[in-house]
Amino acid sequence: MGSDPHAVAMAACFVTGCLLIDALRERAEDMTLVLLIVLIVLANLAGGLLLSALAPALDTMPALEPIVLASGSD
């Protein structure tokens, strides 16, 4: 029976987080800052994944067109 690599990675992250929280339980202010940063990173990652799944791909040609026309090359 094989194990899913994503599940193993998630479990490892969870265990690491639990060990970090246990090690820093005496320093609640520092742990609050660390958890807040992790929350912000996860929210940004989730937003990026959602945007990439729902939004169409960006077309860079309209942004490059004035540069190409100004350079005179075809």
Side-chain angles (χ1 to χ4, degrees):
M1 178 189 299
S3 59
D4 181 23
H6 293 100
V8 172
M10 291 298 290
C13 288
F14 178 76
V15 170
T16 303
C18 290
L19 291 173
L20 183 66
I21 290 170
D22 186 51
L24 296 176
R25 66 178 167 211
E26 309 296 326
R27 302 172 65 183
E29 295 84 16
D30 296 337
M31 198 62 225
T32 302
L33 179 63
V34 169
L35 290 175
L36 181 63
I37 291 171
V38 168
L39 179 65
I40 290 170
V41 168
L42 289 175
N44 282 315
L45 286 175
L49 287 173
L50 185 65
L51 182 64
S52 68
L54 296 179
L58 295 175
D59 184 18
T60 57
M61 191 55 198
L64 295 176
E65 190 172 344
I67 297 170
V68 173
L69 293 175
S71 68
S73 63
D74 289 325

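Both backbone and side-chain heavy atoms feed into the values below; hydrogens, waters and symmetry mates do not. What you are looking at is a predicted structure, and each value in this text was computed from that prediction instead of being measured.
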>> With rounding to the nearest 0.5 angstrom, report the CD to CG distance, Glu29 to Leu24.
In response: 11.5 Å
> What distance separates Ile37 CD1 from Thr32 OG1, expressed to the nearest 0.5 Å?
Replying inline: 11.0 Å
> Tell me, do Val34 and Leu20 make a side-chain contact under 4.5 Å, heavy atoms counted?
Replying inline: yes
>> Treating Asn44 as the side-chain partner and Ile40 as the backbone partner, does any N or O pair qualify as donor plus acceptor under 3.5 Å?
In response: yes
